Every structure is written in C-alpha cells, then in structure tokens.
Amino acid sequence: MSSPDLNLLLTLDALLAEGSVARAAQRLRLSPSAMSRALARLRDTTGDPLLVRAGRGLVPTPRALELRERVGHLVREAEAMLRPAAGVDLRRLVRTFTLRGSDGFVENFGPALVEHLRAEAPGVRLHFRQKTSKDSAPLRDGTIDLDTGVVDAGTSPEIHTRALFRDRFIGVVRHGHPLSNGPISPARYAAGRHVLVSRQGLDRGLVDEALQALGLQREIASIVDGFCAALALVSVSDLISAVPERYTRNLRGHLYSFALPVTTPEITVSMLWHPRTNSDPAHKWLRDCVRQVCAQ
DNA sequence: AAGATTACCGACCCTATACA
DNA sequence: TGTATAGGGTCGGTAATCTT
C-alpha cells in the first residue's frame with residue numbers, strides 16, 4: 001500500500017481556504033484544469049467530495065469544514081519546519097550537551113567551560129563522558145554531541161573536525177625529585193623509573209621511540225590509561241611521566257615540569273562532531289564556546 | 001458568461017532490461 | 001557495476017465541453 005501524496009495537503013489547504021478551483025489554482029500558480037484534477041485526486045484519496053457544485057461555484061462538505069482549520073495548521077507547521085533555523089535564544093535555551101574527552105579534559109577545561117556556558121546560557125547543562133575509545137558511532141547515533149581528541153586514520157571520514165590547539169609532551173616529577181635539580185640529559189632521564197600513559201595498554205610510546213633513536217631505553221615501572229592517574233602516581237613517588245603540556249596545565253600545579261630531553265612529535269587536539277549537528281545553531285554555539293575556552 | 005470538468009498531449013520521473 | 005534505452009505512470013497545460 002502506497003502512502004498518500006503529502007503535496008495534496010498544500011492543494012487541500014488552498015482549495016478549502018479559497019473555496020474555488022480557479023482561485024486555488026491562481027494561488028498555487030497552476031491552471032484551473034490542473035487544480036481540478038488535483039481536487040479529483042483529493043476526492044479519491046479522502047473518499048469525500050470535499051467541494052460540491054452549488055450553482056456556478058463550490059461549497060464545502062462537512063468533512064471539508066472539519067479539515068479546513070486542521071490542514072491550515074498542518075501546512076503552517078510544515079512550512080515553519082522547513083524554514084532555515086533562526087538564531088538560538090541562549091538565555092532561554094534548555095538543553096543538555098554530552099561531551100566526550102580523554103582523561104583530564106574535564107579537570108583541565110571543564111571549569112572554564114562550565115563558567116563560560118553559565119554566563120551565556122544558564123539553562124544549558126554539560127554531561128562529560130570519558131573517552132574509552134575513538135569509536136565514531138556515538139557521534140553518529142547522537143549518544144554524544146561533541147568529541148575531543150586527536151584525529152587520525154581511524155576517524156570516520158564523514159565526521160567534521162576542527163583543530164583546537166597544538167600540544168607537546170613534557171616531563172613531570174614530584175618536587176624534590178632528583179630530576180627537579182640540574183640539567184636533564186637523555187641518559188639521566190632514561191635512567192629513571194617511568195609511568196607510561198596508554199589507553200590501549202601498549203607497553204611503549206613516542207618517548208621510547210625517541211630514546212631508542214639515541215640508543216637509550218627507559219624502565220616502564222607502571223602503565224596507566226589516563227593522564228590523571230599518571231600524575232597521581234608521580235605526585236607520591238619517584239616515578240617520571242610524560243604528558244601533554246596544555247592538556248594537563250591545571251593538573252600539574254604542585255608538580256615539577258620540564259622539557260623532555262628528546263624530541264617527540266607535536267599533537268593536535270581537535271573537536272569532532274557529526275554532520276547531522278553541523279547547522280544546529282545551539283551546537284554551533286557550543287563548538288564556539290569550546291574553541292574559545294581551549295584557545296585561552 | 002463564468003467557473004468546473006474532461007480529452008488529449010507532452011514533459012518528466014521511475015523501473016526494468018539489455019549490454020559493455 | 002555502470003550506462004543506455006524503452007515503457008508505463010503521473011502531472012500540468014491547452015482547448016473543448018458541461019453546468020448553472
């Protein structure tokens with residue numbers, strides 16, 4: 001069974017509003033004959049004559065009178081739905097956005113972001129979710145609204161991305177740690193005991209590759225799946241960790257940071273969103289907020 | 001005479017089929 | 001798998017016809 005032609009709703013609206021085939025035709029820029037045939041299709045679809053001859057003109061049937069107001073509302077509603085979205089009223093916006101970020105995103109950027117949103121849109125709530133994988137499916141199905149992280153070959157091609165900031169890895173130890181005094185050579189750095197951050201559970205990373213190029217090797221004493229855990233371990237032990245500088249700025253207040261004695265590639269942290277939300281004015285505003293907070 | 005309807009025709013779209 | 005073609009269906013226009 002085929003669904004009815006919804007274009008007929010526009011025809012019905014014009015016919016019932018005008019009460020005349022000729023005037024309805026004029027309104028929809030059709031010939032009277034085309035409108036007459038459209039009326040015939042409507043009669044066939046609804047099973048009601050809708051407009052019947054009365055002298056030279058037409059008069060509505062009870063069913064037509066019943067439909068007149070309803071179809072009018074329906075058409076206005078549909079037209080409004082298809083118009084480009086107007087700007088969003090931030091003071092009255094009530095909405096929850098779900099943001100996904102790697103370990104440390106909330107701790108580092110969350111406070112500024114929440115404050116920024118509170119000032120502009122007090123009805124907006126943020127739901128921060130931990131990034132346990134790079135899977136794009138939650139963006140696609142709307143489970144999360146905005147993702148942050150490093151874009152790589154595994155990122156789905158349809159996903160929109162925008163760079164937020166570039167970052168570089170630095171070394172971190174507790175204050176009073178031997179490395180907090182004096183120059184740090186690659187050999188001196190490699191001689192310490194290290195904590196490696198790896199979400200995938202790998203046992204070596206970029207720093208190990210850089211050390212290997214110099215003929216050095218470090219001892220990985222511990223592997224954790226997030227920067228917060230690494231910094232927590234570093235703060236109460238003699239372990240050494242390498243973390244992104246900007247990404248962990250607010251988390252290293254009581255720790256000693258230093259430039260790594262080896263060169264590691266810079267990373268670009270981006271935000272990622274699905275094309276479905278690209279034109280949504282509220283989502284646009286959220287992206288702008290995240291961009292501003294991360295640029296500070 | 002005015003407005004509604006119908007016959008006929010062309011344009012367009014969709015689908016099935018053949019073929020490279 | 002992609003492209004070309006034929007056939008059928010739908011819809012709108014013109015012109016003619018019908019109804020009041």
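Computed from a predicted structure; not experimentally measured. The basis for the numbers below is simple: all heavy atoms, side chains too, and nothing from hydrogens, waters or symmetry mates. In the text below, chain A, chain B and the rest are named by the order of the sequence lines, each starting its count at 1.
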Item to complete: Check for a donor-acceptor pair, side chain of A:Tyr256 on one end and backbone N or O of A:Leu179 on the other, with a separation under 3.5 Å.
Response: no
Worksheet entry | Of residues 27-50 of chain A, the positions that come close to DNA chain B - non-hydrogen atoms, cut-off under 4.0 Å | A:Pro32, A:Ser33, A:Ser36, A:Arg37, A:Leu39, A:Arg43
Discussion item. Between A:Asp103 and A:Lys131, does any side-chain N to carboxylate O distance fall below 4.0 Å?
Written reply: no
Item to complete: State whether the side chain of A:Asp167 and the backbone N or O of A:Ile267 hold a donor-acceptor pair below 3.5 Å, judged by distance alone.
Response: no
Practice prompt. Please list residues of residues 6-13 of chain A whose heavy atoms come under 4.0 Å from any atom in DNA chain C, ordered by number; otherwise none.
Written response: none
Worksheet item: With hydrophobic residues grouped by side-chain heavy-atom distances under 4.5 Å, do A:Leu10 and A:Leu51 end up in a single group?
Response: yes
Worksheet item: In whole Å, what is the span from the CZ atom of A:Arg53 to the C1' atom of B:dT6?
Response: 12 Å
Worksheet item: Quick one: does A:His127's side chain have a donor or acceptor within less than 3.5 Å of a partner on A:Thr96's backbone?
Response: no
Worksheet item: Looking only at side chains, do A:Arg100 and A:Gln130 share a donor and an acceptor under 3.5 Å apart?
Response: no
Worksheet item: Which distance, rounded to the nearest 0.5 Å, do you find between the OG of A:Ser136 and the CG of A:Leu272?
Response: 7.0 Å
Practice prompt. Using whole Å, report how far CG of A:Leu58 lies from P of B:dA4.
Written response: 5 Å
Item to complete: Determine whether the side chains of A:Trp273 and A:Asn278 contain a donor N or O and an acceptor N or O closer than 3.5 Å.
Response: yes
